[in-house]
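Reviewing the structure listed below.
So you know, we letter chains A, B, ... as the sequences are listed, proteins then strands, and number each from 1.
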Amino acid sequence: MSLKVYNSLSRQKEIFTAINAPYVGMYVCGPTVSGESHLGHARPFISFDVIYRYLMHLGYKVRYVRNITDAGHFEEEGREATDKISEKAVLEKLEPMELVQKYTNLYHWAMSKFNNLPPNIEPTATGHIVEQIEMIKKIIADGYAYEANGSVYFDVEKYNTDFSKKGMPYGMLSGRNIEDQQDTTRELDNQEEKRNRNDFALWKSAPVEHIMRWQSPWGEGFPGWHIECSAMSTKYLGSEFDIHGGGMDLQFPHHECEIAQSTVCNHKSPAKYWLHNNMITIQGKKMGKSYNNVIKLTELFSGDSPILSQPYSPMTIRFFILQSHYRGTLDFSNEALQASEKAFKRLWEAHEWFAKQVFENNTAAATDTALDEKVNQLVAEFSEFMNDDFNSAKVIANIFELVPIINSIKDKHIQAAALSSKTLAHMQTELKVFIESIFGLINERPSDEGQLDGVLQLLMDIRKDAKSRKDFLTSDKIRNELAGLGIQLKDEKEGGTSYTIV
RNA sequence: GGUCUUGUGGCCGAGUGGCUAGGCAGAGCUCUGCAAAAGCUUCCACAGCGGUUCGAAUCCGCUCGAGACCUCCA
């Protein structure tokens, strides 16, 4: 069964075929490092991390490029256009690059907490000013951009007229047409410089107070809002690559403009498949700066926010995100996160125990063929569901159908021999592959050098002795005191005891 | 105003024509010295109204509600 992905460009699921198999080029829009990442940012990076991992699992050699926007984009809230990064730099009395470095480091820290694999290339906008200028020159030379007062604008009208004839109108990705766009009555800055209100900036002339500025053929300034992604994706993935990803909110205008710029320069539509993840909402509303409802990742991990009733670990959040499909909205609430926390714990403990087992006495024949068949079916569906536009939610549902079976084997409610040795082995490898390699879930409990384990084994021994003497005062004291320290003892069927660190 | 998405049980969330999604919470039971953990069982759905169909949460229409984009935004 082949992989199918939902392509925003065609608005339907398509069979994924690599342009130049086994190589796959994937570009994902990264963060603007003018501030701290929040929960909303976690979604695309975790979603595309799983997509990246799954493509590699399928055998593709993926080049994953995810940019860092550090050049500072425009904020047009007030009258004066101010550079986001330079503005904040003044407030915090930091050099712009110092600020960018700070938030880049914080972002990388969060990404590693989530166990996201680093991309193969993580280019920065400031490191590619030359490439961006070259691209703009090319667009001007081709007649699709014009200069005005030291700024350069993309001529959307002309592009749309010419490329509509080739079946590539402006707005093809987001389903807009220029006529509708004309209706907006919003007042924007520098409109008078533009020939048309749909035109967008490729290069902006920098006002004197701007700290971040570069020399260009059009004077000192800085690159426009969308050109960095076109320049860097072209440089590292070529004029036509397989996958372009990002949040749904970037579809227009960001990705639309990218398509226009790249198409003019490279004479090809840049990406074959456009994948967009949906937003994380909070009480039904998108989490975003402009809504004032963000939970920063540092707050999430520490619990330090009035919205949060407790801290949530990175794996809880990763699991929470994977429990839904990436194209659907996902509503944040403490209740929902707590549910994920508990669910992940149960899943992980079953998985951890099962992965360690060696089933030596099992035979080729299963004693419970119905169960054996059911297990094989559930496991086989992992790939089937992932192939259907990365439906991690359904895979997790199947894993949860396996959890009671695993726990029943553990508690001897089900004999391991109920399943064939082949089934058990297959189940072990597939669970490990999907949970760890593809979903990227990891054990979060602190690892120790065996000393803590030794101490706990001793305490459990003492408690066992006390219990056998019916000295429940002592046995309960050990259990309750440990519970107070966050160590939970669990008596098992065979008279043994295990523990988990909460 | 334009474009588009969406409305599933207490909460989160899969599901596009017929079969129990799943998780968390609730209830009962088993196990246990008591608990916890685990297992088993169970309650609670498909916004409303029409239509298509042998059959609809799933397709169509209308009504009501929610949201996103159109401006930096994952």
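- Nucleotides B:A21 and B:A57 have their P atoms positioned 12 Å apart, rounded to a whole Å.
- Paired with A:His351 under the rule side-chain hydrogen bond (donor to acceptor under 3.5 Å, both in side chains), one option of A:Gln428, A:Glu436, A:Lys356 passes, and it is A:Glu436.
- In A:Gln12, the CD atom is crowded: over 12 heavy atoms of neighbouring residues, nucleotides or ligands sit closer than 6.0 Å.
- One interatomic measurement links the two molecules: NZ of A:Lys374 to P of B:A21, which rounds to 14 Å at whole-angstrom precision.
- Using a 4.0 Å cut-off, some side-chain N or O of A:Asn391 falls inside it from OP1 or OP2 of B:G15.
- Remark: B:C4 base-pairs with B:G67; criterion is Watson-Crick or G-U wobble with both hydrogen-bond distances under 3.5 Å.
- Counting heavy atoms of neighbouring residues, nucleotides and ligands inside a 6.0 Å radius, atom NZ of A:Lys286 exceeds 12 of them.
- Qualifying ring pair (Phe, Tyr, Trp, His ring centres under 6.0 Å) partners for A:Phe354, counting only residues two or more places apart in sequence or in other chains: A:Phe359.
- Distance noted for atom C1' between B:A14 and B:C46: 13 Å (whole Å).
- Between the CE atom of A:Met172 and the C1' atom of B:U3 there is a distance of 17 Å, rounded to whole Å.
- A straight line from NZ of A:Lys194 to C1' of B:U71 spans 10 Å, rounded to a whole angstrom.
- Of the candidates B:C4, B:G15, B:C12, the closest approach to any side-chain atom of A:Arg11 belongs to B:C4.
- Pair assignment for B:A57: none, as no Watson-Crick or G-U wobble contacts are both less than 3.5 Å.
- A distance of about 34 Å separates the C1' atoms of B:C60 and B:G23, rounded to the whole Å.
- Here the side chains of A:Phe154 and A:Ile227 are not in contact, with every heavy-atom distance at 4.5 Å or above.
- Separation of the C1' atoms belonging to B:U30 and B:A35 is 15 Å when rounded to the nearest angstrom.
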Please tabulate the protein-to-nucleotide N/O contacts below 3.5 Å involving nucleotides 66-68 of chain B, giving atom names and distances.
| residue | atom | partner | partner atom | Å |
| --- | --- | --- | --- | --- |
| B:G67 | OP1 | A:Lys285 | NZ | 2.7 |
| B:A68 | OP1 | A:Tyr291 | OH | 3.2 |

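- With both pairing distances under 3.5 Å, B:C62 is matched to B:G48 as a Watson-Crick or G-U wobble pair.
- With P as the reference atom, B:C44 and B:G10 are 11 Å apart, rounded to whole Å.
- Across all strands, A:Ala397 comes closer than 4.0 Å to base atoms (heavy-atom distances).
- Side-chain atoms of A:Ser174 and A:Gln251 form no donor-acceptor pair, as typed in the model, at a separation below 3.5 Å.
- Separating the C1' atom of B:C12 from that of B:G17 is a span of 26 Å, rounded to the nearest Å.
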Side-chain donor-acceptor pairs of residues 332-339 of chain A under 3.5 Å, sequence neighbours excluded:
| residue | atom | partner | partner atom | Å |
| --- | --- | --- | --- | --- |
| A:Ser333 | OG | A:Ala336 | N | 3.0 |
| A:Asn334 | OD1 | A:Ser309 | N | 2.9 |
| A:Asn334 | OD1 | A:Ser309 | OG | 3.1 |
| A:Asn334 | OD1 | A:Tyr312 | OH | 2.6 |
| A:Asn334 | ND2 | A:Ile307 | O | 2.8 |
| A:Gln338 | NE2 | A:Ser309 | OG | 3.2 |
| A:Gln338 | NE2 | A:Gln310 | OE1 | 3.2 |

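- Taking the centre of each ring, A:Trp225 and A:His254 stay at or above the 6.0 Å mark.
- For the C1' atoms, the distance linking B:U71 with B:G15 amounts to 36 Å, nearest Å.
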Name every donor-acceptor pair, under 3.5 Å, that has one atom in a side chain of residues 478-490 of chain A and the other anywhere in the protein, sequence neighbours excluded.
| residue | atom | partner | partner atom | Å |
| --- | --- | --- | --- | --- |
| A:Asn480 | ND2 | A:Asp476 | O | 3.1 |
| A:Gln488 | OE1 | A:Thr500 | OG1 | 3.3 |
| A:Lys490 | NZ | A:Glu349 | OE1 | 2.9 |

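- Contact annotation for A:Leu347: no contact, since no heavy-atom pair falls under 4.0 Å across all strands.
- When only modelled atom types and interatomic distance are considered, A:Thr474 and A:Asp471 share a side-chain donor-acceptor pair under 3.5 Å.
- Of the two residues contacting RNA chain B, namely A:Glu335 and A:Gly288, the nearest-nucleotide position lying further toward the 5' end is that of A:Glu335.
- Atom C1' of nucleotide B:C12 and atom CZ of A:Phe400 are separated by 13 Å, given to the nearest angstrom.
- The 5' end of RNA chain B is approached more closely, in terms of each residue's nearest nucleotide, by A:Asp331 than by the other of A:Asp331 and A:Ile405.
- A:His276 and A:Tyr326 get closest at one heavy-atom pair: O-CE1, 3.7 Å.
- Atom-to-atom, CH2 of A:Trp225 to P of B:C70 comes out at 11 Å; the value is rounded to the nearest Å.
- B:U42: Watson-Crick or G-U partner is B:G26, with both key distances under 3.5 Å.
- Atoms CG (A:Asp199) and P (B:U71) sit 13 Å apart, rounded to a whole Å.
- Within residues 318-328 of chain A, the residues that have a heavy atom under 4.0 Å from RNA chain B are, in order of number, A:Phe320, A:Gln323, A:Ser324, A:His325.
- The partner of B:A14 cannot be assigned: no Watson-Crick or G-U wobble pair with both contacts below 3.5 Å exists in any strand.
- Counting only N and O atoms by type, the side chains of A:Asp453 and A:Tyr499 include a donor and acceptor under 3.5 Å apart.
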Go along nucleotides 26-38 of chain B 5' to 3' and tag each nucleotide: B for a protein heavy atom under 4.0 Å from its base, S when only backbone or sugar atoms are that close, - otherwise.
-----S-BBBBBS
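- A:Asn387 and A:Ser383 share no side-chain donor-acceptor pair at under 3.5 Å.
- Taking atom P in both B:C34 and B:U42, the straight-line distance is 26 Å, to the nearest Å.
- A donor-acceptor contact closer than 3.5 angstrom is absent between the side chains of A:Tyr170 and A:Asn198.
- Counting to the nearest Å, the P atom of B:G22 and the CG atom of A:Leu378 are 11 Å from each other.
- For A:His255 and B:C73, the NE2 to C1' distance is 12 Å, given to the nearest whole Å.
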